Amino acid sequence: MSAPIRIRPISAEAFAPFGDLIATDGSPDVMINQGLCGRYHDRARFEFGAGRAGLSLFDAVPRDLPYRLELVERHPLGSQAFIPMTFQPFLVIVAPDAGGVPGRPLAFRTGAGQAINFHRGTWHGVLTPLQAPGLFAVVDRIGEGTNLEEHWFDEPHVIVA
Ligand SMILES: NC(=O)N[C@@H](O)C(=O)O
Ligand code: NI
């Protein structure tokens with residue numbers, strides 16, 4: 001049994017090898033709408049390969065901790081963004097690539113009102129809310145071809161708070 005994986009607060013720096021943290025940190029890039037709205041401009045690197053962007057809603061079951069991580073997956077043809085429709089933090093799991101299979105996963109907890117975008121090909125856990133409602137907007141690739149590769153661990157990892 002490998003050592004449990006401890007959840008840590010997400011940061012743009014720690015998540016940068018895997019994707020984009022989408023957050024209203026600091027000042028807006030520009031004030032718009034007669035000064036009544038701060039625009040945090042162009043905060044995610046989307047890729048959709050030869051497909052197109054799709055916007056879907058996911059209504060996911062909240063997970064309990066400790067969480068048994070049985071698999072990670074990746075999307076070789078496009079990016080995937082998880083945008084919560086609530087103010088609840090959620091669990092984000094990623095893993096480095098180690099010669100075509102995932103290395104030891106990392107677990108992050110987002111801050112309230114933060115979203116994430118996995119870059120194309122990033123090993124990640126599926127959408128995992130921690131509280132109900134687990135309602136998210138998801139922006140990812142719609143198109144032809146196989147855009148899902150799963151890796152099931154021989155022995156599940158345990159994710160702990
Ligand atoms: N399969 C699907 O639509 N969602 C997964 O890719 C996921 O990361 O949750
Ligand atoms: Ni996915």
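For ligands, and for the atoms within them, numbers begin at 1 and follow the listed sequence. Predicted model, so just to flag it, every value in this text is computed and none were measured.
- For ligand 1, the atoms closer than 4.0 angstrom to any heavy atom of H75 are 6 (O).
- The Ni ion (ligand 2) forms the vertex of an angle spanning NE2 of H75 and NE2 of H124; to the nearest 10 degrees it equals 100°.
- Taking only nitrogen or oxygen atoms, main chain and side chain alike, D140 does not reach within less than 3.5 Å of ligand 1.
- In terms of protein heavy atoms, atom 7 (C) of ligand 1 is closest to E73 OE2, 3.3 Å.
- No side-chain donor-acceptor contact under 3.5 Å links Q80 and H119.
- Per-atom contact check: atom 3 (O) of ligand 1 touches the protein, criterion being a heavy-atom distance below 4.0 Å.
- The shortest N or O to N or O distance between L127 and ligand 1 is under 3.5 Å.
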Derivation and outcome, side chain to side chain donor-acceptor pair (under 3.5 Å), residues E149 and H151: CA-CA 7 Å; E149 180 183 354; H151 177 92; over 6 Å; no
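- The aromatic rings of F48 and F46 lie tilted to each other, with the angle between the two planes from 30° to 60°.
- Under a 3.5 Å cut-off, the side chain of N117 and the backbone N or O of R45 do form a donor-acceptor pair.
- When non-hydrogen atoms are compared, ligand 1 lies under 4.0 Å from the side chain of F82 (C-beta onward) but not from its backbone.
- The backbone N or O of R39 sits nowhere less than 3.5 Å from a side-chain atom of H41 that would complete a donor-acceptor pair.
- The closest approach of E73 to the Ni ion (ligand 2), by N/O/S atoms, is made by OE2.
- Judged by distance alone, the side chain of Y40 and the main-chain N or O of G26 form a donor-acceptor pair under 3.5 Å.
- In terms of modelled atom types and a separation under 3.5 Å, the side chain of N147 and the main chain of L77 share a donor-acceptor contact.
- Close approach of ligand 1 to H124 (heavy-atom distance below 4.0 Å) involves ligand atoms 8 (O).
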